[in-house]
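Data first, discussion second: the structure below is written as structure tokens.
Note that these values count all heavy atoms, side chains included, but never hydrogens, waters or copies made by symmetry. Chain letters run A, B, ... following the sequence lines, proteins first, then strands; residues in each count from 1.
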Amino acid sequence: MVRCFLIHTVCPISALSAGECRVLYSRVFGPDEAVLSEEHRELSPEERRLLQKEKVAVVARQVHSAVTLSREASGRQPVEMVPGEEALALQDADSGVARLRAGDPFDQEMSVLWLGVQSLGFTLVCEPHENLLLAEGTLRNLTRHCLEHLHMLGSGSEVLLKSSRIDVLLSRLLPHGQLLFLNHRFAQSLEKEVAAYMAK
Amino acid sequence: MYSHASESLIKQAREIQEPELQKFYSRLVKLLQGKELGHETVDSLQRLHLILSATKYTRTLPSELRTRLLSLLSSPVEQLQVLSSAVLREMAPLSGEELNYIQENVGQLNSQTAALLLSKAGTRADLSSVCAQLLRSLDNRPSEGSANSLMHVLPVLNSVLTHSPECLTEDHMTLLNKKLVDWLRYASIVQGGGASSGRFFTGPRSRQPVPIAELDGTVSGDFFTVLCVGQGFTEDQWMNVYSFSMLHHWLLTSHSASNGNTTAETANRLQLSLSHSFSNDDRSEVDGSVVSMVSATSSSSRLLPPKERLREKAFQYCQRLIEQSDRKAQKKTDTELQKACLVEAVCILDCVCVEDASLVFRTFPCIKALFGRLSPDLSFARVLLPIAQFYLNHGEMAALDCESVWKLVLGQFPAVLFNDPFLAHELLRFLRLNLEKLQLRVPQYTHFFPNLLKFLAWDSPAVVDDFVDLLPSLVTPATAVELLHTLLDLPCLSATLVLQLRSTCLPISEPGGRGLLSLDAFRNPSFRGLFLFMLRAEAGSGDTIDRLSTLHDLLTEAADWPRVVQCAQTIPVLLHIYFNTIVTVADEKLLAHLILVMLERSCVLLNIPTYIKEIHRVFSCHLLRLCKLHPSLVVDQSHELLEFAGIPGNVYSKEEIYTHVVWVLGEYLSVSCDSRCSVRLITTCFETLEAVLFEITSSGSLPGAVCPAPRVITTLMSALAKLASRSHDLIPRVSLFLSKLRTVTRGGSVPWCSDEEDLVAIVTRGEELWSLLKAPGVAQSILTPSPHITTPQWHRDTNVAMPLQLRALTSLTHSQ
């Protein structure tokens with residue numbers, strides 16, 4: 001299962017101070033692990049929520065560093081792209097995977113898959129035994145839809161103001177964190193549904 | 001892109017004031033009371049979600065608003081369901097009343113409500129009740145039409161299963177096992193939805209069913225799988241997709257959940273396998289519909305208990321997927337999906353074989369054929385990893401030769417695919433998880449360390465964590481020396497890999513390739529051997545090379561390449577792990593050898609100043625630890641240590657190591673550490689150190705010359721004093737030096753020490769040692785204390801503590 005999906009900033013942007021990283025969207029799937037763990041059982045709901053938000057922030061920061069280091073090593077700097085060039089931006093994206101040790105920040109070990117598109121990071125936190133080949137395909141697919149339906153290459157704020165679109169995308173492509181084996185026909189029929197939703 | 005406008009939206013959402021917020025809430029309640037919920041409502045709900053989610057702290061909504069939101073969960077408009085669920089997920093947990101409200105009004109849990117209940121579940125009991133509710137809806141066969149409402153059930157159950165498998169009862173498991181068999185094996189084999197061969201004039205009733213197709217376009221002749229396509233899909237075909245997607249996890253978890261009664265199960269299985277070879281009808285157990293089966297592997301399993309039956313169907317499904325993956329897909333995305341399906345199929349087969357060993361013999365021909373088909377093509381590397389796992393788990397049982405598998409996985413993958421981050425992650429994880437088995441069954445594993453380290457050299461930040469876990473397994477007496485050299489030269493390997501890629505990417509005539517001296521060197525046949533040694537796949541061709549410094553010179557310009565720098569930054573950590581492990585596996589002879597390697601390599605490193613400094617620090621730390629652990633190493637290696645300590649240049653270029661070498665000589669060159677330590681050895685050592693101390697405190701007058709570190713001087717002085725305390729003839733010579741030191745410094749400044757405070761400290765130390773040496777007996781017991789004083793245990797025991805302390809004091813006062 002995928003534990004969470006998030007969209008966050010990944011490189012220095014004028015709107016933020018250097019090294020700062022902003023989570024723009026996050027969705028944690030399934031029950032809160034703090035409820036089920038011995039260690040955190042005593043926490044109040046307010047504290048559990050805080051813990052979960054912090055976990056997400058930790059992942060975002062880790063990916064932020066990973067993208068920075070990876071771009072530094074490859075010597076490639078992202079080229080500015082404008083709305084309409086989503087496919088190209090996706091092709092040009094940096095990608096990678098990192099390991100999160102058990103307890104840091106999730107109770108169990110996790111694998112983090114990320115895509116760095118320009119100044120945006122799209123991240124999946126998966127259980128490590130997951131089919132990462134499938135997860136990679138799903139992440140690319142999700143990212144493409146997010147970029148297109150929320151016009152994320154432009155300067156608008158739809159990712160904040162129309163986040164329900166991402167919820168709908170996730171409910172189709174990654175329902176409750178379940179990676180799906182969708183061939184192009186299945187994908188097409190889901191895309192039709194999504195397109196119909198977005199048109200409303 | 002993230003603009004200033006977005007940033008200010010988040011700030012506004014965080015800083016919104018209470019009165020304004022209350023106004024917003026009441027406006028929203030009014031909107032929600034209206035009959036038609038329009039654009040404005042949706043927009044406000046979206047803003048409400050932003051306000052709630054942007055802050056770490058929980059905000060409290062008026063209860064009326066909460067109730068309104070809850071009622072939206074059953075709204076026919078999906079957008080409203082989605083938004084209310086998203087908003088409520090950001091809120092405090094649902095109260096009992098609210099839960100009841102959902103129970104009564106939402107009826108069959110829709111996906112969004114289920115998501116809310118999962119995320120707000122406060123106990124395992126809450127989760128169990130969600131599961132029970134979902135399973136009930138699964139059990140009551142839905143009428144046609146409410147199709148989509150069931151699809152979310154499986155992912156939700158899978159999610160609960162991940163977090164808390166005990167929330168599902170044995171009955172639930174059985175029901176799901178049956179259902180999964182049905183969906184996996186007996187989904188319709190005609191296209192659903194809008195697909196039909198009917199034309200405009202033929203009404204819907206007379207439409208002919210169109211069979212599903214394979215990815216290459218041919219008509220499918222067997223049961224439905226995720227690799228089948230059609231114009232549209234029926235509900236059970238969707239469920240087939242969902243079932244297969246969760247199958248691996250389901251098998252893994254339900255297996256571990258009911259591991260208790262294995263003997264009974266085996267007996268059952270034996271009995272049933274006898275009967276099932278005779279029976280011939282193969283049909284869905286639950287809905288009783290008979291579907292034509294052409295599957296070659298199909299065998300009747302109707303009489304098996306649900307769990308075994310699912311295992312059998314999973315086995316067939318995977319076999320079929322493997323067959324289907326050989327077809328040429330018309331779409332590129334489907335080619336990718338075929339790969340992912342192969343990975344999943346092999347993992348599932350591995351899983352069912354672990355559960356039921358009798359399946360191994362039925363599975364191996366297929367796995368072996370798959371390996372034969374895929375192994376020449378490295379683009380299938382990530383599929384070959386699960387195959388390797390299969391060989392590792394079951395190869396022994398099937399008495400198969402796995403040599404070619406390991407050659408491929410350990411030999412070829414890292415050498416060719418070192419720059420694939422996903423393969424690196426998966427391969428290293430594979431090694432981590434199977435470490436014990438590998439060490440047992442694949443003895444050549446450790447020999448491939450030069451190859452495995454390529455992943456680290458290429459992308460250190462991403463994989464260093466894996467190597468922290470793996471490195472100890474690579475440290476053996478046989479690999480120790482070569483591994484140390486290889487780690488130290490890892491930044492060179494990093495640079496070499498960059499060059500290797502560049503030289504294949506850029507033709508020689510390409511201008512981009514020019515201007516890099518190292519690239520020219522890489523292509524130069526006379527240096528070929530150096531680079532080939534760096535790129536070797538296996539250990540054993542020699543610990544290191546003679547012309548290492550030539551290689552370092554060739555790679556000078558690589559010292560500031562980010563990849564090389566990143567690699568260099570990870571080495572100190574790994575060296576610490578290396579040394580911590582080596583002391584547990586090496587004998588004294590090997591440790592002595594390693595001390596030599598450290599001394600030798602301290603000046604043969606790729607020229608990255610911070611790297612050299614860090615390595616010196618690590619060496620110093622572990623030189624000290626090794627000598628503390630085995631003090632006789634110092635006498636053993638005294639010749640080399642003295643040679644090192646006798647070079648005044650080392651004081652400046654290797655201050656850290658030099659200080660430590662001098663310290664261990666002073667501390668451990670003593671009869672009490674090793675009986676072989678002669679007076680002559682002590683005298684030689686004394687003379688060597690004395691000469692250096694003399695030289696560095698008399699020179700340095702050249703303008704602009706670097707002063708020796710004060711710590712080196714005091715360490716040298718202490719070492720001399722220690723040695724003199726063991727051979728009293730030497731005492732006058734130290735005293736003479738120390739008295740001279742006092743005279744020289746009386747003037748206030750000396751050329752070899754620029755800082756006044758440092759000089760005072762040096763002189764004070766000198767005076768202390770001088771006065772100590774005036775009483776040789778005291779000097780000896782302080783400068784070379786016997787072990788029972790340096791490692792005092794007696795203070796822990798009240799009975800012996802007092803007499804021992806007294807004795808210690810007496811020995812101090814009476815030895816004069």
Tell me yes or no: between the side chains of B/S111 and A/H176, is some donor less than 3.5 Å from an acceptor? yes
For B/T333, is it the side chain, the backbone, both or neither that has a heavy atom under 4.5 Å from a heavy atom of chain A? side chain
With a 4.5 angstrom heavy-atom cut-off, which part of B/H163 approaches chain A: side chain, backbone, both or neither? both
With a 4.5 angstrom heavy-atom cut-off, which part of B/A5 approaches chain A: side chain, backbone, both or neither? both
Enter the distance from B/I10:CD1 to A/L16:CG here, rounded to the nearest 0.5 Å. 8.0 Å
Please examine the side chains of B/S119 and A/F29, heavy atoms only from C-beta on, and report whether any two atoms are closer than 4.5 Å. no
Under 4.5 Å from any heavy atom of chain B - which part of A/I13: side chain
Answer yes or no: is there a side-chain heavy-atom contact under 4.5 Å between B/T225 and A/F181? no
B/E344 versus chain A, heavy atoms under 4.5 Å apart: side chain, backbone, both or neither? both
Can you confirm whether A/E130 sits close enough to B/H249 that some side-chain heavy atom of one is under 4.5 Å from a side-chain heavy atom of the other? no
Sort A/L147 into side chain, backbone, both or neither according to what part of it lies under 4.5 angstrom from a heavy atom of chain B. neither
Which atoms of A/S74 come close to chain B, meaning under 4.5 Å heavy atom to heavy atom: side chain ones, backbone ones, both, or neither? both
Need one label for B/S8: side chain, backbone, both or neither, based on atoms under 4.5 Å from any heavy atom in chain A. neither
If you count heavy-atom pairs within less than 4.5 Å of chain B, which of A/K162, A/R22, A/Q118, A/R3 leads? A/R22
Side chain to side chain contact (heavy atoms under 4.5 Å, CB included), that's the test. Do A/L132 and B/R382 meet it? Break it down for me. CA-CA 9 Å; A/L132 293 190; B/R382 290 173 64 192; 3.7 Å; yes
Chain B interface, residue from A/L134, A/N131, A/D107, A/V117 that has the most non-hydrogen pairs under 4.5 Å: A/N131
Could you give me the CA-CA distance, side-chain angles and deciding distance for B/L154 and A/Q178, then say whether side chain to side chain contact (heavy atoms under 4.5 Å, CB included) is met? CA-CA 9 Å; B/L154 289 183; A/Q178 176 72 57; over 6 Å; no
Consider only side-chain N and O atoms of A/S155 and B/S3, and report whether a donor and an acceptor are under 3.5 Å apart. no
Is there a donor-acceptor pair closer than 3.5 Å between any side-chain N or O of A/D167 and the backbone N or O of B/V82? no
Engaged part of B/K339 at the chain A interface, taking heavy atoms whose separation is under 4.5 Å: both
Minimum heavy-atom distance B/L118-A/G30, with the two atoms named: CD1-CA, 3.8 Å
If one checks every heavy atom of B/L227 against chain A at 4.5 Å, the contacting part turns out to be backbone
Which pair of heavy atoms, one from B/R429 and one from A/P128, lies closest together, and at what distance? NH1-CB, 3.2 Å
Measure A/A66 against the heavy atoms of chain B and call it side chain, backbone, both or neither at under 4.5 Å. neither
Side chain from CB out, backbone as N, CA, C, O: work out which of these in A/R99 comes under 4.5 Å of a heavy atom of chain B, or both, or neither. both
A/F186 and B/W238 aromatic ring geometry - parallel, tilted or perpendicular at 30°/60° bounds: perpendicular
Let me know if B/T55 has heavy atoms under 4.5 Å from chain A in its side chain, its backbone, both or neither. backbone
Ionic contact status for B/D466 with A/R101, cut-off 4.0 Å: no
Please flag which part of A/S189 lies under 4.5 Å from any non-hydrogen atom of chain B: side chain, backbone, both or neither. side chain
Counting heavy-atom pairs under 4.5 Å to chain A, which of B/H39, B/Q81, B/R89, B/Q338 comes out on top? B/R89
What part of A/H151 is in contact with chain B, defined as an atom under 4.5 angstrom from a non-hydrogen atom: side chain, backbone, both or neither? neither
Can you tell which of B/A340, B/A115, B/S159 has the highest number of heavy-atom pairs within less than 4.5 Å of chain A? B/A340
For chain B, the option from A/L36, A/L120, A/V28 that forms the most heavy-atom pairs under 4.5 Å: A/L36
Determine, stepwise, if the pair A/E54 / B/K56 fulfils side chain to side chain contact (heavy atoms under 4.5 Å, CB included). CA-CA 8 Å; A/E54 286 299 339; B/K56 284 177 188 168; 2.8 Å; yes
Please examine the side chains of A/R165 and B/Q46, heavy atoms only from C-beta on, and report whether any two atoms are closer than 4.5 Å. no
Output the option from B/D469, B/V130, B/V383 having the highest count of non-hydrogen pairs under 4.5 Å with chain A. B/D469
For B/L337, does its backbone N or O pair with a side-chain atom of A/N183 as donor and acceptor, under 3.5 Å? no
Counting only non-hydrogen atoms closer than 4.5 Å, does A/E158 touch chain B with its backbone (N, CA, C, O), its side chain (CB onward), both, or neither? neither
Between A/L160 and chain B, with a heavy-atom cut-off of 4.5 Å, which part of the residue counts as in contact: side chain, backbone, both or neither? both
Using heavy-atom distances under 4.5 Å, tell me whether A/S163 contacts chain B through its side chain, its backbone, both, or neither. both
Part of A/S65 within contact of chain B (heavy atom distance under 4.5 Å): neither
Tell me the closest heavy-atom pair linking A/S157 and B/S6, and the distance in Å. OG-OG, 2.9 Å
B/D465, part contacting chain A, at a heavy-atom distance under 4.5 Å: both
Contact part of B/C347 toward chain A, heavy-atom cut-off under 4.5 Å: side chain, backbone, both or neither? neither
With only heavy atoms counted, which part of A/Q108 is less than 4.5 Å from chain B, the side chain, the backbone, both or neither? neither
Which residue out of A/M152, A/E33, A/E46 racks up the most heavy-atom pairs below 4.5 Å with chain B? A/E46
Between A/R49 (side chain) and B/Y57 (backbone), is there a donor-acceptor pair under 3.5 Å? yes
Do the non-hydrogen side-chain atoms of A/R185 and B/Q237 ever get within less than 4.5 Å of each other? no
With a 3.5 Å distance limit and no angle check, can you tell me whether A/D32 reaches the backbone of B/A121 through a side-chain donor-acceptor pair? no
Quick one: closest heavy-atom pair of B/Q79 and A/S164, and the distance? NE2-OG, 4.3 Å
Would you call B/E78-A/R172 a salt bridge at under 4.0 Å N-O? yes
Does a side-chain heavy-atom distance below 4.5 Å link A/H184 with B/Q330? no
Please look at A/E136 and chain B and tell me whether the side chain, the backbone, both or neither of the residue comes under 4.5 angstrom of a heavy atom of that chain. side chain
Greatest number of heavy atom pairs closer than 4.5 Å to chain B - which of A/L161, A/V159, A/V2, A/L50: A/L161
Please state whether the side chain, the backbone, both or neither of B/Q112 comes within less than 4.5 Å of a heavy atom of chain A. side chain
Does the pair B/R432 and A/E109 meet the rule for a salt bridge (charged side-chain N to carboxylate O under 4.0 Å, His left out), with working shown? CA-CA 13 Å; B/R432 268 194 296 125; A/E109 184 180 320; 2.9 Å; yes
Segment of B/H4 engaging chain A (4.5 angstrom heavy-atom cut-off): both
Would A/K53 and B/E90 satisfy side chain to side chain contact (heavy atoms under 4.5 Å, CB included), going step by step from the backbone distance to the final call? CA-CA 11 Å; A/K53 292 258 169 199; B/E90 295 289 341; 3.3 Å; yes
